[in-house]
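Notes follow once the structure below has been shown.
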Amino acid sequence: MTRKERYEGIVGWFSLNRPVAETELHYDSPFHLLLAVILSAQCTDRRVNMVTPALFERFPDPASMAEASAEEIFPYIKSISYPSSKAAHLRDASRMIVEDFGGDVPSDRESLKKLPGVGQKTANVMMSVVHGAPVIAVDTHVFRVAHRLGLSSGKTPLDVEKDLEKNIPVDRRAISHHWLILHGRYVCTARSPRCDECEIRQWCKDWERRQKNTEKEAR
Ligand code: SF4
């Protein structure tokens, strides 16, 4: 099967069967989504969602967080991974939003990446979730699933992002990030992928390879 056929099959299947796919992070504004995405680095969305209600109530906007110290933010996020550095990032990003961006979370990638704690992946999440921009954020799930499916053999997240964006139609790019994340989180898990339950296995390169090996061994 060619890579083009894999893309067509997988994008077609998800378009038909998962027409709605959204982030599992809870948020009520672009600013709160930014906080949640920064907190979600190397942490589960479930755990982030446990701490954000109190955090959002105490810090409803960038101005309120910009005035706080990292020590004031820390208790709200202490059960999250790397709480000290993330508390500093949240405070510094809030200050920059207030001082350099007029109090609004910027919408373009270069400005977003100037914010402390924000890299390519977080910037892409903000652009696609808030603005529906045709970009694909590559996190650990997307990276793994894209490789197993045979959608990319890129060595870095940026390589994978370029492959996905080159091959996925513009109007499917924002949602495809969620398709691949959710597939990686619930079906194509890191340690024991549930291939028997996987509804897109007919287009999966890894599945195809294992089937061929099994056939060879049976001969
Ligand atoms: S067949 Fe298995 S390895 Fe391939 S995408 Fe599905 S769960 Fe992942």
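Note that ligands are numbered from 1 as they come in the structure, with each ligand's atoms numbered from 1 the same way.
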>> Just to be sure I read this right, does ligand 1 sit under 4.0 Å from the backbone of Arg209, its side chain, both, or neither, counting only heavy atoms?
In response: neither

> Hey, does Val145 have a side-chain heavy atom less than 4.5 Å from the side chain of Arg148?
Replying inline: no

>> If I take atom NE2 from residue His141 and atom CG from residue Leu182, how far apart are they, to the nearest 0.5 angstrom?
In response: 9.0 Å

>> Need the ligand 1 atom indices (1-based, order shown) with element for anything under 4.0 Å from a heavy-atom of Arg210.
In response: 2 (Fe), 3 (S)

>> Please list, in number order, the atoms of ligand 1 under 4.0 Å from a heavy atom of Leu149.
In response: 5 (S)

> Heavy atoms, side chains only, cut-off 4.5 Å: are Leu25 and Leu39 in contact?
Replying inline: no

> Which of the atoms in ligand 1, numbered in the order shown and given with their element, are less than 4.0 Å from a heavy-atom of Cys188?
Replying inline: 3 (S), 5 (S), 7 (S), 8 (Fe)

> So, do Tyr7 and Asp163 sit near enough that their side-chain heavy atoms are less than 4.5 Å apart?
Replying inline: yes

>> As an exercise, state the distance from CZ of Phe56 to NE2 of His32, rounded to the nearest 0.5 Å.
In response: 5.5 Å

> Any idea how Phe59 and Tyr76 line up, ring-wise: parallel (<30°), tilted (30 to 60°), or perpendicular (>60°)?
Replying inline: perpendicular

> Below 4.5 Å, heavy atoms only, C-beta onward: do Arg95 and Arg91 meet side chain to side chain?
Replying inline: yes

> For ligand 1, which atoms sit closer than 4.0 Å to a heavy atom of His183?
Replying inline: 5 (S), 6 (Fe)

>> To check your reading of the model: name the closest protein heavy atom to atom 6 (Fe) of ligand 1, its residue, and the distance in Å.
In response: Cys198 SG, 2.4 Å

> Can you list the ligand 1 atoms lying under 4.0 Å from a non-hydrogen atom of Arg201?
Replying inline: 1 (S)

> Considering only heavy atoms, does Ile200 approach ligand 1 within less than 4.0 Å through its side chain, its backbone, both, or neither?
Replying inline: neither

> Short list, please: which atoms of ligand 1 are under 4.0 Å from a heavy atom of Trp207?
Replying inline: 1 (S)

> So which of His178, Arg46, Arg185 actually passes side chain to side chain donor-acceptor pair (under 3.5 Å) with Glu24?
Replying inline: Arg185

> Is atom 4 (Fe) of ligand 1 less than 2.8 Å from at least one N/O/S atom of Cys204?
Replying inline: yes

> Is it the side chain (CB and beyond), the backbone, both or neither of Cys195 that lies under 4.0 Å from ligand 1, heavy atoms counted?
Replying inline: both

